[in-house]
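Below you'll find the structure, written out as structure tokens, and then a few comments.
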2 protein chains.
Amino acid sequence: MPIPHVADPLGVILLRLQRSLERELIQGLQAGGYPDIRMRQLSVLDAVGADGAKAAALAARFDMTKQSMGELIDDLERSGYLGRAQDPSDRRARILELTPRGKVATEQCRQIVQAIERRYESLIGASRYHETRMSLAALLEHLEDGPVS
Amino acid sequence: MPIPHVADPLGVILLRLQRSLERELIQGLQAGGYPDIRMRQLSVLDAVGADGAKAAALAARFDMTKQSMGELIDDLERSGYLGRAQDPSDRRARILELTPRGKVATEQCRQIVQAIERRYESLIGASRYHETRMSLAALLEHLEDGPVS
DNA sequence: TGTACTTAGTCAGGATACCTGACGATCAGG
DNA sequence: CCTGATCGTCAGGTATCCTGACTAAGTACA
């Protein structure tokens, strides 16, 4: 009855996989005690990491506007996962860094993410999973190199 | 400088690929004369297809609420791509079907989608592309069979 | 040194795609 | 004929994006 997804356009497959994964992650985060971290925020926390980062660089890295990134960052700051420090070499800019709480959360969330990925891996086999992952990453790299020109 | 995506969690890769593809599709639809069709709507049109469909079934197929689906359908109807007919065997239900205009649009959009997919195919090679596509579909199938239980 | 361009970040406002909850109408099974 | 499921809708809310306009600050160069 449910038409097999091989027939679906790639966009539909990607969309549904992404939504499915996001749902599972949200569940995992809630179970793990982080009901206030949303998926996109997690990417940001991950990217800020140990080294800190600047908002504009993050926006570029995730291919979104400064405004959208700004909102994610505001929320993360309000929740106490992220702090802002003046950039001594540029008075316009602020350097983002994880708070201690943010560091703990990032590490635990990373493990939740890995658990989900391990489950996915087991569903279609490790080698096939990793090949798929690599191919997707390669595709993305190509797309970002030469957009549509 | 841009950290390679192989290191990114799967969710991030999927999300960015999906966004990238969606952007390209929107561009293609605009160039093709369908500036008022959005990506999610396209899936719906495609699913309604030649045979027609009912809203509740579509919602189930795309794993979303009837309300959300209802909104997509409303918009498609308002734009003249979709019509509703009374289901003779169930007075609650309406059967959705493509209008003539909807049929033309669906066919042309399908070609736009295919052009994009062919481009993707050329970026990482046909066999690798198709393997990836199959693996993703398989993964999705597994996920939908046994959710998280 | 001043002028022009670029860049960092914010404010305001809006579109899209989802959701939950509640509801009226209808169907289907005992 | 009652009970519970199902079809679709209304109302209202949230998350994640966007465009456009703006201030403040850096950068380059004649």
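Order of the sequence lines sets the chain letters (A, B, ...), proteins ahead of strands, with each chain counted from 1. As the structure is a prediction and not an experimental result, all values here were calculated from the model.
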How many Å lie between [atom1] on [X] and [atom2] on [N], as a whole number?
{"X": "A:Met64", "N": "D:dT19", "atom1": "CE", "atom2": "P", "result": "12 Å"}
{"X": "B:Gln41", "N": "C:dA15", "atom1": "CD", "atom2": "P", "result": "15 Å"}
{"X": "B:Ile26", "N": "D:dC18", "atom1": "CD1", "atom2": "P", "result": "11 Å"}
{"X": "B:Gln18", "N": "C:dT16", "atom1": "CD", "atom2": "C1'", "result": "13 Å"}
{"X": "A:Glu22", "N": "C:dC19", "atom1": "CD", "atom2": "C1'", "result": "13 Å"}
{"X": "B:Arg78", "N": "C:dA15", "atom1": "CZ", "atom2": "P", "result": "13 Å"}
{"X": "B:Asp87", "N": "D:dG8", "atom1": "CG", "atom2": "P", "result": "8 Å"}

Completion exercise
Which of C:dC19, D:dC18, D:dG26 is nearest the side chain of B:Arg19? It is D:dC18
Practice task
Report yes if some heavy atom in the side chain of B:Leu143 is under 4.5 Å from a heavy atom in the side chain of A:Leu17; otherwise report no.
Solution key: yes
Practice task
Find out whether A:Leu42 and A:Val113 are in side-chain contact, i.e. whether some heavy atom of one side chain is under 4.5 Å from a heavy atom of the other.
Solution key: yes
Exercise for the section: Look at B:Glu121 together with B:Arg118 and state whether they make a salt bridge at an N to O cut-off of under 4.0 Å. Expected result: no
Practice task
Could you tell me whether B:Arg128 and B:Glu131 make a salt bridge, using a distance below 4.0 angstrom between a side-chain N and a carboxylate O?
Solution key: no
Exercise for the section: Report yes if a side-chain nitrogen or oxygen of B:Arg91 is closer than 4.0 Å to either non-bridging phosphate oxygen (OP1 or OP2) of D:dC7; otherwise report no. Expected result: no
Completion exercise
Scoring nucleotides 7-14 of chain C by protein non-hydrogen atoms under 4.0 Å (B base, S sugar-phosphate only, - none) yields BBBBB---
Exercise for the section: For the pair B:Glu22 and B:Arg19, evaluate salt bridge (charged side-chain N to carboxylate O under 4.0 Å, His left out) and give the outcome as yes or no after the intermediate values. Expected result: CA-CA 5 Å; B:Glu22 180 156 0; B:Arg19 290 210 329 135; over 6 Å; no
Practice task
Decide whether B:Leu45 and B:Met39 are clustered together by the hydrophobic rule: side chain heavy atoms of Ile, Leu, Val, Met, Phe, Trp, Tyr closer than 4.5 Å, transitively.
Solution key: yes
